Amino acid sequence: MSQTYHSYWRCPSNIAIVKYWGKKPEQIPMNASLSLTLSQSNTEVRATLSPKSTSESVALSYFFEGNRNELFEAKFSKYLEAHSASFPFLKDFQLEIHSKNSFPHSTGIASSASAFGGLALVLCDLFEQTQGQKISGNWLQTASHFARLGSGSACRSVFPNWAQWGKTDGQPESSDLFALPINKVHTNFMDMRDTILVVDDQPKKVSSTAGHALMNKHPYALSRFQQANSRVDELTHILQSGDLDAFVQLTESEALTLHAMMMTSSDYYLLMRPNTILVIEKIFEFREQSGIPICFTLDAGPNIHLLYPAQYEVGVKKFINEVLSNCAKSIIFDRGGNGPEQIISD
Ligand code: PMV
């Protein structure tokens, strides 16, 4: 068994419009979520399998942006150990992974989504190569399932543009175990821009894991979970109908609700910074004056994602340059994208 196998994938990150916040073990979400998969913000994962020379159950060497990274190695080894039964090749082979992000750290772009998305894709690919058989059922759905087991929101990243994760009444095929693509989308929402205004690039003070856990005893948990589930179905209809005003309203309310959950947890905390509020108020003002359907969302951090259809790009860029750029440390221009790509290397 001297053979080596290679797999190389690029997986984008995503930004949730309806937010996943609260979970049960194994990343089973307490509520459904719906997101936009990005284009420019991605992780490349290059994996090589070669015959194992050690007796460890999982032998992983992990290199991030050219350097051995023990923190990532420990995190991904734990994941592989937990799911080794699904990837029998881990018994006989050692795995070397080289990954790199297209975006800087702590910018409000979920690197765990693109990293676990990428890892799941290479694992599914290596499974097929080593077993000499196709994965039964839907390939991307399987990758989404394994991405979820690493980081919940990652399961949405394996699909292009709009994806739903979590069971809702309005979407009979939806599941808590994997995401599914939302394909029926009005032209208004087919070419969305996401411009990320990095107002603070310090690492997060409270991890998402800790934030999710605070929802277990949150006084508003139940009504929040119900609200999010019905908003996912509502957003699916909005995406179909092309109603930009309804999209703006739902998107901003979701962002503020997520942060309201943090502020009203037993161990309350506040992730918005003064410039987050300043930018939000400038967006309200600009929307009112220009009539352009631009809106913001926030991840679990202080940075602003500005969302708008491509046709308004010229006006919005002028607004960013003239009004918002002073409030941001850096600006990343991203957009909805086509999902992961396999990279064929020579
Ligand atoms: O996938 P996690 O555990 O990093 O949680 C993500 C939580 C949010 O980004 C705040 C919302 C979401 O749905 O992506």
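As the structure is a prediction and not an experimental result, all values here were calculated from the model.
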Does Glu65 form a side chain to side chain contact (heavy atoms under 4.5 Å, CB included) with Asn101? I'd like the steps, not just the answer. CA-CA 8 Å; Glu65 298 185 344; Asn101 290 344; 3.7 Å; yes
Shortest non-hydrogen contact from Leu95 toward Ala47: CD1-CB, 3.9 Å
Between [X] (side chain only) and [Y] (backbone N and O only), is there a donor and an acceptor less than 3.5 Å apart?
| X | Y | value |
| --- | --- | --- |
| Glu81 | Ser57 | no |
| Thr251 | Thr297 | no |
| Trp9 | Leu119 | no |
| Thr276 | Met272 | no |
| Ser230 | Gln226 | yes |
| Asp299 | Gly301 | no |
| Arg46 | His98 | no |
| Lys167 | Pro172 | yes |
| Asn14 | Thr37 | no |

When the ring centroid of [X] is compared with that of [Y], is the distance short of 6.0 Å?
| X | Y | result |
| --- | --- | --- |
| Tyr79 | His83 | yes |
| Phe89 | Tyr5 | no |
| Tyr20 | His212 | yes |

Let me see the working for Asp200 and Arg273 under side chain to side chain contact (heavy atoms under 4.5 Å, CB included), right down to the final yes or no. CA-CA 8 Å; Asp200 185 358; Arg273 306 291 305 140; 3.5 Å; yes
Parallel, tilted or perpendicular: which describes the rings of Tyr62 and Phe76, with under 30° parallel and over 60° perpendicular? parallel
Assign the ring pair Trp162 / Phe189 to parallel, tilted or perpendicular, where the plane angle (0 to 90°) is split at 30° and 60°. perpendicular
Could you list the cluster mates of Tyr8? Members are the ILVMFWY residues connected by side-chain heavy atoms closer than 4.5 Å, either directly or through other members. Ile343
Worked check of side chain to side chain contact (heavy atoms under 4.5 Å, CB included) between Thr195 and His305: CA-CA 6 Å; Thr195 300; His305 288 248; over 6 Å; no
Report yes or no: is the cationic atom of Lys317 (NZ for Lys, CZ for Arg) closer than 6.0 Å to the six-membered ring centre of Phe333, at no more than 45° off its axis? yes
Can you list the residues that meet the side chain to side chain contact (heavy atoms under 4.5 Å, CB included) rule with Thr142, with sequence neighbours excluded? Cys124, Ile135, Phe146
My understanding is that only residues two or more places apart in sequence, or in another chain, count here; which of them pass side chain to side chain contact (heavy atoms under 4.5 Å, CB included) with Asp191? Arg193, Ala310
Would you compute the distance between atom CG of Leu298 and atom CD of Glu254 and round it to the nearest 0.5 angstrom? 11.5 Å
Applying side chain to side chain donor-acceptor pair (under 3.5 Å), run through Thr264 and His218 and close with a yes or a no. CA-CA 8 Å; Thr264 49; His218 198 290; 3.1 Å; yes
